[in-house]
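Here the structure comes first, spelled out in structure tokens, and everything after it is commentary.
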Protein chains: 4
Amino acid sequence: MGSFQGHALPGSFFLIVAQWWAVKYSLWYATRRKKSASAGRLATRTTQRCLEVIEGAAILSFSIIGMLAEQFAAGGPKLRLYDYTEHHWEQLNNWQHATMYLFFALSGATTLTVHTTEFAPLALDRLLLAIAFFAEGFLFLYHLYGRDMLDVHVHQLLLYAIFGGALISFMEVFHRGNILLELLRTTLCLLQGSWFWQIGFVLYPPSEVKWDLQDHSNKMFITVCYCWHLACALVTVAVLYCTVCCLWGCVALHLCG
Amino acid sequence: MGSFQGHALPGSFFLIVAQWWAVKYSLWYATRRKKSASAGRLATRTTQRCLEVIEGAAILSFSIIGMLAEQFAAGGPKLRLYDYTEHHWEQLNNWQHATMYLFFALSGATTLTVHTTEFAPLALDRLLLAIAFFAEGFLFLYHLYGRDMLDVHVHQLLLYAIFGGALISFMEVFHRGNILLELLRTTLCLLQGSWFWQIGFVLYPPSEVKWDLQDHSNKMFITVCYCWHLACALVTVAVLYCTVCCLWGCVALHLCG
Amino acid sequence: MGSFQGHALPGSFFLIVAQWWAVKYSLWYATRRKKSASAGRLATRTTQRCLEVIEGAAILSFSIIGMLAEQFAAGGPKLRLYDYTEHHWEQLNNWQHATMYLFFALSGATTLTVHTTEFAPLALDRLLLAIAFFAEGFLFLYHLYGRDMLDVHVHQLLLYAIFGGALISFMEVFHRGNILLELLRTTLCLLQGSWFWQIGFVLYPPSEVKWDLQDHSNKMFITVCYCWHLACALVTVAVLYCTVCCLWGCVALHLCG
Amino acid sequence: MGSFQGHALPGSFFLIVAQWWAVKYSLWYATRRKKSASAGRLATRTTQRCLEVIEGAAILSFSIIGMLAEQFAAGGPKLRLYDYTEHHWEQLNNWQHATMYLFFALSGATTLTVHTTEFAPLALDRLLLAIAFFAEGFLFLYHLYGRDMLDVHVHQLLLYAIFGGALISFMEVFHRGNILLELLRTTLCLLQGSWFWQIGFVLYPPSEVKWDLQDHSNKMFITVCYCWHLACALVTVAVLYCTVCCLWGCVALHLCG
């Protein structure tokens, strides 16, 4: 993961998931508000459930692919944990990332189970999502030892988005279906995704100009920059929400008319 | 902002907003309690909505003016971010303050949208207010590097009021219309305003006597002083609340009689 | 306050208040559960309100006495804040303690107002109590500079009880009348009281043997000791609760028979 | 407790309690959902209450045994607190552990009282459990002075599980009977148990190879390892939950048929 691509990949993943969430939750909120006979036909419980199952399956499969890639791609530890000849742990970074994927895999599997069977309470998927975000943040927290100041700082800023997402997911266990919490989580996920890209640009700049990782004014700029990412994420979610609401209004009108 | 005026200006802004909030929330609480035919005529939903729209528009326009002032006033960066000739960031402080205004502008725009259309859930305005306060506190938090002890301390004390306001606003998402939370937020906003003035007096004293920014007994005094500001804010809100309630009682009586 | 008596006095105050609370809340819970005609006569709303008013008046008057004592007792600053001849703040410790009393006075005055008039929502008294505890803890937090290790530690342990009390009081704003929260607050208040006594014994031992304020094993012992205080506070509240419930059971039986 | 056995013992205790909880809460949730005539006969309130009483009695007796063992087993302080001849505290570690047991004893006694009499509100048992976990974590927090880096780190990781358990128990005071919170507490208790074993293996390895307690890569590995313990705890609870639900489904079917 110590490369531009290694940060762009998870960043893109979070960006896609967040946009998918923004559309999904906006659509459900729109259908809930304008309940009519025709709307009822389109967005029934069955459709919702089906979408959730697809989402769960997608997250599960991507996480498994991620885990396999971390283990068996070039330079991976290939499931070996300890190098007994040279007495050191084998590729701890890869094991760390594989562990992060593991928790998202657990979250995806839970979403699948919760929405295909009637085995467990619905809110379980949010609890596991909260735990997955928490584990991600937890591993990042102990990931920063002995790095440059700016490197530590950009990862610490990432932690706000990650732990924020974990907290909001946990609150959704008790306030399931609250559109504001859902959109806030979406915003934080979007922020996380775009910030991963930013980290890639800062630590592995594609251009020739390197960032001075010890300069304090860079740190101040990055902090301001983080707030701009947050503002952009807020605006993006707002635009997606409005688009979906308008489109749905047209569709509903057309179907009724 | 490195001047007495630079602290007095936002201080006055927060003081005015807080007093406006104290009057508004007291009035609404009074009308909710003493619901009568005549009262109903005065303080209808329409009036409330109208006031909210005016408030949102006012916050939005002041924030935009603030952003423009930070950018284009004498010494501002004029939208230039990086000085390529001398290789340093252009006026990061101004960019920071403009970012703070940006979030309050987003909050004002949301209030406007929420109360003019039926697009989004009502509580969204409190969520954006919470995010605006949070972003303000977040930027202040990483704003204190390499300053004198007392300078850092007065700004840290400010953070209590800012993050307190963010937390209370976030709680209002779930407890909208709770008069106690509304007045507590008002109190913290008043505290923030008066403390901005205090910071101005400490760091840029108008008189000739300077404060010793490294003296520990000054730090202890300032901490006590902060509590007095809090007590004054509490008393001010209480007085405003009582005045509004009494006046409204008289008006209601007069209209009924 | 730098003496054994200076710690024993507030300690006794908190111990008395906590025991009063334990009896009061137990009695109300008992009367609420066994509602009968005769019980109704005894413990009417009027009696409750009357008790609350007396409590508020007592807290208010004790706080005012405390403020006056801190100001005008031997060695007090006599309302003078700054010594212009020697250029230092006048008795900051006394001002600090007077400020703590000020917030408890505000809390007492609020309790008085809330229960004599119908002006403000009931839960306001808990909010002001939370603010009073918070201000007390806040001032203690910035009170510990340059002291010995054990001195700092015993005061830090005190902060757990104080901020715990503030948090529980704040939660009571939303869960007013929850017996568990009321008894937990009582327990923390009792803990605070007995810990003030313990601090007195540690820092100003009446016997000739002094504590070594730099010894780490003393710090470990004090931590264990704090837990014993907590356990004792829990048991004391439980015993008071059971006694009141039993006595009330007898009284109610007698009145009905 | 400075031995492998000293960590394996409490670890096993928490593992057993957690598995018992997983089975108990799953069973109750299953019976609540599939309420039928035959199910009603099996899992009545009386059975539930009986199980709770047994659980309380078991926790109480084990805690008392633990306290006695810490005091009177070989090397214990035998209730002596201070060694006046050599002027040092007597076996503070044992006193610390005895104090931890004391709070679990209080919790067990409360469970007993709450479910045998109708004296106190039901949620009191969760409050005392929260306090017991909190006191355990609190004592561990001040237990780490002057140890090796890895030693401190493994105990700090333990604190996440302990304080997490305390927080979830406290939330259960307000959301009693929420299956998700109950299973989350169970998971954290299981994590605590298995992590005690892990600590034993790290600090007192049964094999001849010792861990380098100052090596940073060991610290990183241990952090990843903690996440695996969490994942295993989640899977174990899920498996137990599914098994109990399936078995109960069969039993209920059989009884009805």
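What you are looking at is a predicted structure, and each value in this text was computed from that prediction instead of being measured.
- For the set L234(A), L183(A), N178(A), D215(A), the entry with the most heavy-atom pairs within less than 4.5 Å of chain B is L234(A).
- Aromatic ring orientation, F138(B) versus Y226(A): tilted (interplanar angle from 30° to 60°).
- E136(B) does not touch chain A: none of its heavy atoms, backbone or side chain, sits under 4.5 Å away.
- Residue Q156(A) holds its CD atom at 5.5 Å from OH of Y142(B), rounded to the nearest 0.5 Å.
- The aromatic rings of F174(B) and H175(A) sit tilted relative to each other, their planes meeting at an angle between 30° and 60°.
- Of the two parts of I222(A), neither the backbone nor the side chain holds a non-hydrogen atom closer than 4.5 Å to a non-hydrogen atom of chain B.
- Annotation: side chain of I131(B) is in contact with side chain of L230(A) (closest heavy-atom distance under 4.5 Å).
- Taking the six-membered ring for Trp and thresholds of 30 and 60 degrees, W211(A) and W89(B) have ring planes inclined between 30 and 60 degrees apart.
- Among P121(B), A135(B), A120(B), A123(B), the residue with the largest count of heavy-atom pairs under 4.5 Å with chain A is P121(B).
- Counting heavy-atom pairs closer than 4.5 Å to chain B, the top residue among T223(A), I179(A), L181(A), V235(A) is T223(A).
- More than 12 heavy atoms of other shown residues, nucleotides or ligands fall within 6.0 angstrom of atom CZ in F170(A).
- Between the CG atom in L81(B) and the CZ atom in F221(A) there is a gap of 4.5 Å [rounded to 0.5 Å].
- A pairwise comparison of heavy atoms in W95(B) and V224(A) identifies O-CG1, 4.3 Å as the closest pair.
- With a threshold of 4.5 angstrom between heavy atoms, Y82(B) does not approach chain A through any atom at all.
- In this structure, NZ on K219(A) lies 13.5 Å from CG on L92(B), to the nearest 0.5 angstrom.
- Contact annotation for L124(B): both backbone and side-chain heavy atoms come within less than 4.5 Å of a heavy atom of chain A.
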